[in-house]
Amino acid sequence: MLVSLKALRQYVSLDGLNEEEIAKGLTFAGVEVEDIERMASGTNLVIGEILECENHPDSDHLHVLKVNLGDKYGVEQIVCGAPNARKGLKVIVARVGAKLPQVEIKKGVIRGVESNGMCCSLLELGVDSKYLSEKQTSGIEELPLDAPVGEEDVLGYLGLDDIVLNLNVLANRPDLLSLFNVAREVGAIFSREVKLPSFEGIENFKTDLTVGSKTKRCTQFAGKEIKGLVIKESPDWMKSFLQSMGVRSINNLVDIGNYVMLMTGQPLHMYDADKLPVHALEARDDYQGPFVALDEKTYDVLPNDIVIASDNKPMCLGGVMGSLACAVDEKTTHLYIESASFDGASIRRTSNRLGLASESSSRFVKGTNHFQSEYVINMASKLVKDLCEGKEFSNIVNYQIEKAEQKVISSSVKRINNRLGTSFSKEEIEAVLTRLNFKVEMNKDETFKVTVPLYRLDVTCDADLSEEVIRLLGLEHVKSELPCLDTTLGALSLEQTRIRNIRNYLLDKGLDECLTYSLVSEKEASKMNLLNEEEKYVLLNPLTDEHSTFRSHVLHSLLKVANYNVSRQAKSLALFEVSNVQTKQSASTHLAIVLLGNDYSRGLMEKIPYDFYHMKGIVEGMMENLGLEVSRYKFERLNNHLDELHPGKSAGLYFQNKLIGVLGELHPNKINEYDLGKNPVIVLELRLDELVSSKVSVNKMKPIHRFPFVTRDLAFIIDKDVEAKDIIKAIRLVGKGIVTNAEVFDVYEGEHVQEGKKSLAISLTYQKEDATLTEKEVSDAEDKIKFELLKTFHAELRM
Amino acid sequence: MELANLQELLNSALKDISEAKNSDDINNIRNAYLSKKSALMSMFSLLGKMDPEQRKEAGKEINDVKVAISEKLEEKQKDILAKELEEKLNKEKIDISLPGRDFSLGGKNPFHIIIDEMTDIFLGMGFEVCNGPEVETDNYNFELLNIPRDHPARDMQDTFYIDENTLLRTHTSPVQARTMERKGGKPIKMIAPGKTYRRDDDDATHSHQFAQIEGLVIDKDINIGHLKATLELFARKMFGEGREIRLRSSFFPFTEPSVEVDISCMNCGGKGCSMCKGTGWIEILGGGMVHPNVLKMNGYDPDKYSGFAFGIGIERVAMLRYGIDDIRKFYTNDVRFLHQFKKKI
């Protein structure tokens, strides 16, 4: 809502307040002033008259002017490029030293000719081009012939000496979409008297117009008939008022409608009475069919849209737009004015659906005062009489089903102060509510009743009263005090703690923590779905196709991050993200990891290319971090995702026999698809929910072995396809009770090892809990193990 | 063998010792003078043939020489070993400017730094951390927060819809309603950090995805002063001890009264600078007293209970704290950006 201070000043005294102070007062009272704009600005301005206009000797478009600036400044020579500069024209001159919004005027020589000032267009004084004609924007401003030469208050002369506040009116204060109510608000904030005009009804005949409503969506409908009016241009005061409030002048009648709406907040609608089928207007919500609106477009009206019908024909889409059929035009002489109240929700639905939002519809959507139609119509009538030469005015016909009952709210000084954390006295509270036009009946026990003015739709309970009190008396009165509540444990839940631990573990391992968008394109949403293929949430109203689907996996987004960085010369990456994902079937927390290039955690001198085992190690470390023993999870070879992962270098992670994660080297085709260069890329997608909610028993200390251990290494050749875990499992089984650890320390394929075979070296630890081992015990155990490996795996022992 | 040679022997040994240069020399000297076959040691075998009187005296003389040589030799050996060790260590000198091993620490997106840090501040005040789904129902996101269907306040938050009743939450406030439902009328002290979504075009200051921390305290006799003090504590922990906060009236459908909270500019300390646009204050969050309708709808008697609620934008706080000029930087994850954020506190 734009508010002209010049207009506001007519209704409330602003003496002694500058625009900054007014803006601050409003802002702290909850009516934020977004900007303070000047209609126009400029110093050192004066009205001049062009005495001579010669062509510049050295230019085909410049003129050399002699301009009379009046007695004080005499005649100055000015070089001017405007095509409309001519002898006898009255112009705005910015003298040397003038500061205009864009430039500062200096004495100069233009192509050899001295120039002492500039003739201005309104554009150069900062007037928005939307208010200017093409003629005004293409040349200097042509002042009326009677403009006083030598006048220095040029902005005042033009009516542009105005400052406009841009109010951000929030959804709770639709009343402030009215200049009169802004005046009331300013009056309350600064304790100033507010003087609003009153209007006598004009009536010299009885109308046969009938108005009514067949729907609860229109609770009030007032109309008045006016005859003998003339449509023409508005007077200057009206044009400049509208301009200051951000509205363009159209003609006198349209301007009156806008003027009344800006003043009172009540939108009006005007019907050309001669074009209506019958002398009746009726609101209804059961019409269905096409509607040709003022903008000459046809809209589909549906049941529940509010329509004003005459003889069952739609004449207006209530509160939204009139029909072309009965629109006023320059020939209109006979008028019906409508001032009605509509259900905001219905107007919102209709205007959103049809894409028809206007100053009027938005006022109805936010809420209007249902009980001011008579005032509003009287105001409009007076203007029609003055500006449109209106001759015959009918009585007002009004349909209204609600009673004008003011809300009464009970509260007490204590309740108000308790909510606010303040200690205002009953006098202070009473005074501030009275300033806001609330009627207060204060009792001795400091309880009170408040009657709320009808235009304050937002005040319905005593919490609202507390807001009124604090926003005017100032939030600085609130005592800052920490609440004394029962002590509670401030701690993350087990799940939250474990997720935090996992993230910290990965960060400490040198992985970078990323954050990517949950919304991806529909196509992307199906990429790298390594864990499930559940039904995805798709937006009804996406902004772009790029962000249309809620992702069910994180890995794709992380691979895009990898691509972004690789294309910016990153050679090695270790990235992870923990994010919520959601499908129609489930909501869970996923971890995705991408490793690319080399592990540089030991510096360039010891770089190690990332491979499957890095990722596996990260997972194992994470499990240790969570306290989940090796026996509770396992890695199994995958038999799906063959297009996405390297079939020989990928695995599924099973936790308590349930697949919760997939890891492995990205398939070379995918590396190409994501354009990730030549290095192997290792990826993981893991659902964390089962891990972080799993039960883990408290650690119980086990006694440290008292007796010495013996380590022996075994190396043997086996088939390449035999997995180390099976060998170790067999060793542990055979060596039960004596073998306490078995770990691979070398794997070798290649020279000196037969094709299809590999050499595996295992380090074994032997130990007994209750005695020192003898050499024989170790040898016997070792023999049993060798025998078992030979028997089961055809292992060929290497010495 | 003549005993008369003893002095000569001693002189010769001391000379050799003083000229010894390394452990080998020491060993050679020990062999030459103190081994069983050495001249000195063989003198002991002569003692048996002497008369007791003479033997005693001669024995002492020989032994004195032996002890003198041994002591000197020990002393010299110690010196030589020390010198040799020093030389060895000097030779082992390394280039200490080469990189250390296992130094790497991951960069943490500042978004996460801020969420974790804010969470910890409120945990320290005894808050619990609550969660809710990002794909939410209209009921939790709007209805239960006093924003009925077709209410103009819905236009304040342009919403991504899945269907008529399902949407992407536009704020973390639905977790308020969910928590009230779960607590069933009992006091609440919670925060809810999380991602939120609005139909905004992405630019330097807008993002269709962003995050908030919601806060909610419900108990008897809660007032705005409690909100103010809680946020003051938070602001000082987050932005430094000198910070002041100030409240301005505002409007949110689910709080009454509603406030915007400004904090004194951390850049200029409140004097006015380009960061605070000359005002000395920076808008940081919104909050207020829980609207009586919200309490009622979620099972709390507004005559018995009152509460405060607030919502803080994560990215906004991170941008202010770290001087990040574009919200999209959080979502781009350029590693050169992430690697600037390794510091743990």
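The structure displayed is predicted, hence computed values, not measured ones. Sequence lines set the chain letters: A, B, ... in the order given, protein chains first and strands last, and positions in each chain run from 1.
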Under 4.5 Å from any heavy atom of chain A, what part of Leu98(B) do you find: side chain, backbone, both or neither? side chain
Measure across Thr488(A) and Gly126(B) and return the closest heavy-atom pair with its distance rounded to 0.1 Å. OG1-O, 2.7 Å
Part of Phe550(A) within contact of chain B (heavy atom distance under 4.5 Å): side chain
Specify the closest pair of heavy atoms between Pro257(B) and Leu420(A), including all atoms of both residues, with the distance to one decimal. CG-CD2, 3.8 Å
Most contact-rich option vs chain A, by heavy-atom pairs under 4.5 angstrom, among Glu260(B), His291(B), Met289(B), Lys220(B), is Met289(B)
Contact part of Glu468(A) toward chain B, heavy-atom cut-off under 4.5 Å: side chain, backbone, both or neither? neither
If you count the non-hydrogen atoms of other residues, nucleotides and ligands that lie under 6.0 Å from CD in Glu546(A), is the total more than 12? no
Is it the backbone or the side chain of Glu232(B) that comes under 4.5 Å from a heavy atom of chain A, or both, or neither? side chain
Apply the test side-chain contact (heavy atoms from CB on, under 4.5 Å) to residues Asn333(B) and Tyr564(A): give CA-CA distance (whole Å), side-chain angles for both, the deciding distance (0.1 Å), then the verdict. CA-CA 8 Å; Asn333(B) 304 292; Tyr564(A) 175 94; over 6 Å; no
So what's closer than 4.5 Å to chain B heavy atoms on Ala463(A): side chain, backbone, both or neither? both
Could you tell me whether Gln585(A) atom CD has more than 12 heavy atoms of other residues or ligands within 6.0 Å of it? yes
What option among Asp462(A), Val31(A), Val478(A), Thr27(A) has the most heavy-atom pairs under 4.5 Å with chain B? Val478(A)
Side chain, backbone, both or neither of Cys514(A) within contact of chain B (heavy atoms, under 4.5 Å): both
NZ (Lys342(B)) with more than 12 external heavy atoms under 6.0 Å: yes
Asp200(B) versus chain A, the contacting section by heavy-atom distance below 4.5 Å: backbone
Arg336(B)/Asp512(A) salt bridge by N-O under 4.0 Å criterion: no
With a 4.5 Å cut-off on side-chain heavy atoms, are Thr460(A) and Glu256(B) touching? no
Measuring heavy-atom distances to chain B, does Pro542(A) have an atom under 4.5 Å in its side chain, in its backbone, in both, or in neither? backbone
Interface moiety of Leu511(A) toward chain B, non-hydrogen atoms closer than 4.5 Å: backbone
Would you indicate whether Lys195(B), at its atom NZ, is surrounded by more than 12 heavy atoms from other residues, nucleotides or ligands within a distance under 6.0 Å? yes
Kindly check if the number of other-residue, nucleotide or ligand heavy atoms within 6.0 Å of CD (Glu164(B)) is above 12? no
Leu539(A) side chain near Ile162(B) side chain, heavy-atom distance below 4.5 Å: yes
To the nearest 0.5 Å, tell me how far Arg348(A) CZ sits from Arg149(B) CZ. 10.0 Å
Interchain contact, Leu506(A) with chain B, by part (heavy-atom threshold 4.5 Å): neither
Leu247(B), part contacting chain A, at a heavy-atom distance under 4.5 Å: both
Heavy-atom pairs under 4.5 Å with chain B are the metric here; pick the option from Lys479(A), Glu513(A), Glu476(A), Arg415(A) that has the most. Glu513(A)
Tell me, side chain or backbone of Val365(A) under 4.5 Å from chain B's heavy atoms, or both, or neither? both
Examine whether an atom of Leu575(A) lies under 4.5 Å from a heavy atom of chain B, and if so say whether it belongs to the side chain, the backbone or both; otherwise answer neither. side chain
For Leu519(A) and Gln209(B), work out which heavy atoms get closest and say how close. N-OE1, 4.4 Å
Residue among Phe308(B), Phe111(B), Phe160(B) with most heavy-atom pairs under 4.5 Å to chain A: Phe160(B)
Any heavy-atom pair between the side chains of Arg503(A) and Asp116(B) that's under 4.5 Å? yes
Whatever's closer than 4.5 Å to a heavy atom in chain A on Asp202(B) counts as side chain
Take atom CG in Asp303(B); do more than 12 heavy atoms of anything else shown fall under 6.0 Å from it? yes
Under 4.5 Å from any heavy atom of chain A - which part of Leu233(B): side chain
Top residue by heavy-atom pair count (under 4.5 Å) with chain A, among Val335(B), Val135(B), Asn109(B)? Val135(B)
Side chain, backbone, both or neither: which part of Arg173(A) has an atom under 4.5 Å from a heavy atom of chain B? neither
One option among Gly288(B), Pro292(B), Gly124(B) has the most heavy-atom pairs under 4.5 Å with chain A, and it is Pro292(B)
With no hydrogens and no angle check, do the side chains of Ser518(A) and Tyr197(B) hold a donor and an acceptor under 3.5 Å apart? yes
Which of Val538(A), Leu485(A), Asp464(A), Asn418(A) touches chain B most, by non-hydrogen pairs under 4.5 Å: Asp464(A)
If one checks every heavy atom of Leu231(B) against chain A at 4.5 Å, the contacting part turns out to be neither
What residue in Leu123(B), Asp163(B), Asp120(B) has the most heavy-atom pairs under 4.5 Å with chain A? Leu123(B)
Given a strict heavy-atom distance threshold of 4.5 Å, which part of Leu489(A) is in contact with chain B: side chain, backbone, both, or neither? backbone
Which of the residues Arg471(A), Arg349(A), Glu32(A), Lys560(A) is involved in the greatest number of heavy-atom pairs with chain B at under 4.5 angstrom? Arg349(A)
Please classify the contact between Lys108(B) and chain A as side chain, backbone, both or neither, with a heavy-atom cut-off of under 4.5 Å. both
Nearest non-hydrogen partners of Val129(B) and Leu492(A), listed with the distance: CG2-CD2, 3.7 Å
Around atom CG of Asp35(A), are there more than 12 heavy atoms of other residues, nucleotides or ligands at under 6.0 Å? yes
Which region of Tyr161(B), side chain (C-beta onward) or backbone (N, CA, C, O), has a non-hydrogen atom less than 4.5 Å from a non-hydrogen atom of chain A, or is it both or neither? both
Select one option (side chain, backbone, both, neither) describing which atoms of Lys366(A) are under 4.5 Å from chain B's heavy atoms. both
For a quick test of reading the model, state the closest non-hydrogen atom pair linking Asn580(A) to Glu134(B) and the distance between them. ND2-OE2, 2.9 Å
Determine the option with the most heavy-atom pairs under 4.5 angstrom with chain B, choosing from Gly474(A), Ser480(A), Ser557(A). Ser480(A)
Is there a donor-acceptor pair closer than 3.5 Å between any side-chain N or O of Asn172(A) and the backbone N or O of Pro253(B)? no
What part of Phe122(B) lies closer than 4.5 angstrom to a heavy atom of chain A: side chain, backbone, both or neither? neither
Interchain contact, Ser207(B) with chain A, by part (heavy-atom threshold 4.5 Å): side chain
Side chains of Ile224(B) and Thr422(A) in contact at under 4.5 Å (non-hydrogen atoms): no
Identify the two heavy atoms, one from Glu467(A) and one from Ser250(B), that lie closest to each other, and give their separation to 0.1 Å. OE2-O, 3.2 Å
Please flag which part of Asp334(B) lies under 4.5 Å from any non-hydrogen atom of chain A: side chain, backbone, both or neither. both
Where does the angle between the aromatic ring planes of Tyr517(A) and Tyr331(B) fall among parallel (under 30°), tilted (30 to 60°) and perpendicular (over 60°)? parallel
Is it true that the side chains of Gln496(A) and Asn131(B) contain a donor and an acceptor less than 3.5 Å apart? yes
